[in-house]
There are 2 protein chains.
Amino acid sequence: MDQITPTLAVATEPVERRRLPPEERRRQIVEGAVTFFADVGLDGKTRDLAKRLGITQSLLFNYFANKAEIIEAVYAHVYLDRLSEDWPRRLTDRSVPLRERLLTFYSEYSELIFEYEWMRIFMFSGLAGAELNRRYLKHMGTVILLPLLEEIRAEAPQEVSPEMEDIWNLHGGIVYIGIRRHIYQVPTPEDPSRAIERAVDRFLQSFGLV
Amino acid sequence: MDQITPTLAVATEPVERRRLPPEERRRQIVEGAVTFFADVGLDGKTRDLAKRLGITQSLLFNYFANKAEIIEAVYAHVYLDRLSEDWPRRLTDRSVPLRERLLTFYSEYSELIFEYEWMRIFMFSGLAGAELNRRYLKHMGTVILLPLLEEIRAEAPQEVSPEMEDIWNLHGGIVYIGIRRHIYQVPTPEDPSRAIERAVDRFLQSFGLV
DNA sequence: CAATTAATAGATCATCCGATCAATAGGGTT
DNA sequence: AACCCTATTGATCGGATGATCTATTAATTG
């Protein structure tokens with residue numbers, strides 16, 4: 001099996017100082033754990049994580065009761081408060097042209113999903129059957145994509161009526177760029193904004209907009 | 001961690017008969033391994049696999065030198081000879097309308113990628129950094145999507161010129177249905193053909209076709 | 001029906017893993 | 001400089017894991 005071999009002891013900061021303030025040490029562990037588990041998956045071993053952090057394995061359990069708790073902290077650090085509360089409002093702000101709303105949304109949203117850690121941990125937890133992903137996608141559907149559907153329906157001529165699956169299709173086509181880049185690790189455009197813009201324009205055009 | 005708990009000893013066939021012919025036993029192991037590793041990931045334990053197959057763990061190593069060899073057999077069983085050699089030719093057969101070519105291709109191709117085992121093992125191996133996935137996507141790009149790009153360019157009016165990323169976008173939007181269903185395990189249309197048809201039509205329409 | 005052969009099971013090994021705990025030492029305080 | 005608190009360490013435990021080996025048992029052959 002060609003698992004990615006966990007890089008050993010890549011000390012991001014000089015490791016001289018032992019005995020950090022607990023808050024800081026905890027933060028350091030979580031941040032290290034995010035990239036570590038993004039690299040090797042949620043089955044990554046605590047000994048490897050500790051080695052990468054330049055600390056002993058036992059110290060991990062001084063800050064977290066068990067490994068599951070570390071992963072909880074990773075989830076929290078990667079996902080919590082990363083979905084802007086502002087998006088639903090701005091997506092439905094009809095004083096701004098629909099095309100512009102869509103482009104600014106996907107411009108900001110893509111910064112999130114094209115992040116290495118975000119994309120990989122989301123995929124790992126999805127495969128593990130985590131409830132997190134279902135909650136997230138459900139939220140995404142009701143809070144972002146459904147309002148978006150209504151916006152398009154409001155502006156589109158009567159003869160063409162978009163469906164929810166059409167919105168998911170637009171969304172998936174964009175997300176797939178990040179999947180290619182961070183999961184399959186194949187070349188993708190450095191800056192995806194052009195591809196996104198073209199996808200959005202094709203979408204709008206097909207519903208008689210733009 | 002909320003790993004999917006491997007189902008224990010779900011004997012697909014009656015296990016009465018021991019002492020199977022080697023060929024048959026091997027085939028049985030591989031097929032069981034495909035769904036097993038698709039469920040729990042490539043880190044799945046050989047003891048759990050054996051339990052599900054209704055055989056002892058040591059028997060596995062009578063047919064395979066080690067676990068990596070089992071996974072190789074799983075890869076082979078899931079991927080080899082599953083990309084029809086016929087697709088490139090049929091996609092470029094200009095005696096058939098382009099829309100029809102696209103629809104029949106994605107109709108057949110989606111049967112492949114919407115398969116539970118295919119999708120999950122492909123994602124697991126992608127995350128593990130397997131070369132397999134890069135080879136596959138490269139092959140997909142050059143043998144299917146690039147010719148497809150040429151076909152669209154040939155038929156599209158000069159003023160609009162599709163790019164390779166546009167084709168990947170079409171492709172990704174369709175594949176994403178399978179990702180939602182089998183990776184994130186959220187509800188998707190029972191039959192994706194309607195969504196695929198609409199996506200293809202939007203795509204063609206935006207390039208002045210149909 | 002006995003003999004031969006190959007599949008199978010169960011015990012076992014060395015290693016690895018998550019987690020625990022007593023001992024140690026860093027560094028701020030007095 | 002001595003003291004004390006606690007962050008950190010290193011040794012260790014029980015259980016799991018991939019892989020091996022030997023004894024047993026089922027089917028095939030003559």
Side-chain angles (χ1 to χ4, degrees), chain A residues 1-6 8-9 11 13-33 36-37 39-74 124 128, chain B residues 1-6 8-9 11 13-33 36-37 39-74 124 128:
Chain A
M1 278 174 303
D2 30 16
Q3 195 82 330
I4 293 175
T5 51
L8 304 180
E13 303 167 28
V15 208
E16 296 181 18
R17 181 150 173 242
R18 299 169 51 184
R19 203 177 174 87
L20 291 182
E23 313 265 305
E24 198 174 329
R25 175 67 80 192
R26 190 191 158 91
R27 197 181 44 76
Q28 179 212 7
I29 290 177
V30 172
E31 286 177 8
F36 173 74
F37 286 118
D39 282 344
V40 306
L42 304 179
D43 291 325
K45 312 307 176 188
T46 57
R47 279 175 174 80
D48 292 329
L49 169 58
K51 201 172 290 178
R52 190 186 279 207
L53 286 165
I55 62 177
T56 55
Q57 180 233 14
S58 57
L59 185 58
L60 292 174
F61 295 94
N62 219 322
Y63 290 88
F64 301 91
N66 47 45
K67 185 182 160 182
E69 214 169 81
I70 303 180
I71 294 191
E72 276 307 308
V74 167
F124 276 124
Chain B
M1 279 177 301
D2 30 16
Q3 196 82 333
I4 293 174
T5 50
L8 304 181
E13 304 170 28
V15 209
E16 297 179 18
R17 183 154 170 237
R18 299 170 52 183
R19 201 183 174 86
L20 292 181
E23 315 264 304
E24 197 173 330
R25 177 65 80 190
R26 189 191 158 90
R27 196 181 46 76
Q28 179 210 9
I29 291 177
V30 171
E31 285 177 8
F36 172 75
F37 287 118
D39 283 344
V40 306
L42 304 180
D43 291 326
K45 312 307 175 187
T46 56
R47 279 177 175 77
D48 292 329
L49 169 58
K51 199 172 291 177
R52 189 187 280 208
L53 286 165
I55 62 177
T56 56
Q57 180 233 13
S58 59
L59 184 58
L60 292 175
F61 295 94
N62 219 321
Y63 290 88
F64 301 91
N66 47 45
K67 185 181 160 184
E69 213 170 81
I70 302 180
I71 295 190
E72 276 307 308
V74 167
F124 276 123

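Only this structure's heavy atoms are used, side chains among them; waters, hydrogens and symmetry mates stay out. Proteins come first, then strands; the chains are lettered A, B, ... in the order of their sequence lines, and each starts at number 1.
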- Charged N to carboxylate O below 4.0 Å: is that the case for Glu23(A) and Arg27(A)? no
Whole-Å distance between [N] [atom2] and [X] [atom1]?
X	N	atom1	atom2	result
Ile71(A)	dG18(C)	CD1	P	10 Å
Glu23(B)	dA7(C)	CD	P	11 Å
Leu60(A)	dA7(D)	CG	C1'	13 Å
Leu49(B)	dA16(D)	CG	P	18 Å
Phe61(B)	dA7(C)	CZ	P	17 Å
Ile55(B)	dA6(C)	CD1	C1'	16 Å
Lys51(B)	dT8(C)	NZ	P	19 Å
Asp43(B)	dG18(D)	CG	P	9 Å

- Message: Which nucleotide wins on minimum distance to the side chain of Pro22(B), given the candidates dT8(C), dA7(C), dG18(C)?
- Response: dA7(C)
- Message: Over all strands shown, is Tyr63(A) touching base, sugar-phosphate only, or nothing at heavy-atom distances under 4.0 angstrom?
- Response: sugar-phosphate
- Message: Mind checking if Asn62(B) touches a base, just sugar-phosphate, or nothing, with heavy atoms under 4.0 Å?
- Response: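 Base: the residue Asn62(B), judged by heavy atoms under 4.0 Å, touches a nucleobase.
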Starting at [atom1] of [X], measure out to [atom2] of [Y] and round the result to the nearest 0.5 Å.
X	Y	atom1	atom2	answer
Phe37(B)	Leu49(B)	CZ	CG	5.5 Å
Asp39(B)	Asp48(B)	CG	CG	11.5 Å
Phe36(A)	Ile29(A)	CZ	CD1	13.0 Å
Asn62(B)	Arg26(B)	CG	CZ	11.5 Å

- Leu59(A) and Arg18(A): side-chain contact (heavy atoms from CB on, under 4.5 Å), yes or no, with the steps? CA-CA 12 Å; Leu59(A) 185 58; Arg18(A) 299 169 51 184; over 6 Å; no
- Item | Distance-minimising heavy-atom pair for Ala33(B) and Ile70(B) | CB-CG2, 3.9 Å
- Message: Once side-chain contact (heavy atoms from CB on, under 4.5 Å) is applied, do any residues pair with Thr46(B), and if so which ones, sequence neighbours excluded?
- Response: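 Residues passing side-chain contact (heavy atoms from CB on, under 4.5 Å) with Thr46(B): Gln57(B), Leu60(B), Phe61(B), Lys67(B).
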- Any residue meeting side-chain contact (heavy atoms from CB on, under 4.5 Å) with Asn66(B), in chain and number order, not counting sequence neighbours: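 For Asn66(B) the side-chain contact (heavy atoms from CB on, under 4.5 Å) partners, ignoring immediate neighbours, are Ala68(B), Glu69(B).
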- If you fit an axis to the five pairs at each end of the helix from dC1(C)-dG30(D) to dT30(C)-dA1(D), how big is the angle between those two axes, to 10 degrees? 10°
Mind listing the N/O atom pairs, protein and nucleotides 10-16 of chain C, below 3.5 Å?
from: dG10(C); atom 1: O6; to: Ser58(B); atom 2: OG; distance (Å): 2.8

- Message: Please determine whether any donor N or O and acceptor N or O are separated by less than 3.5 Å between the side chain of Arg25(A) and the base of dT8(D).
- Response: no
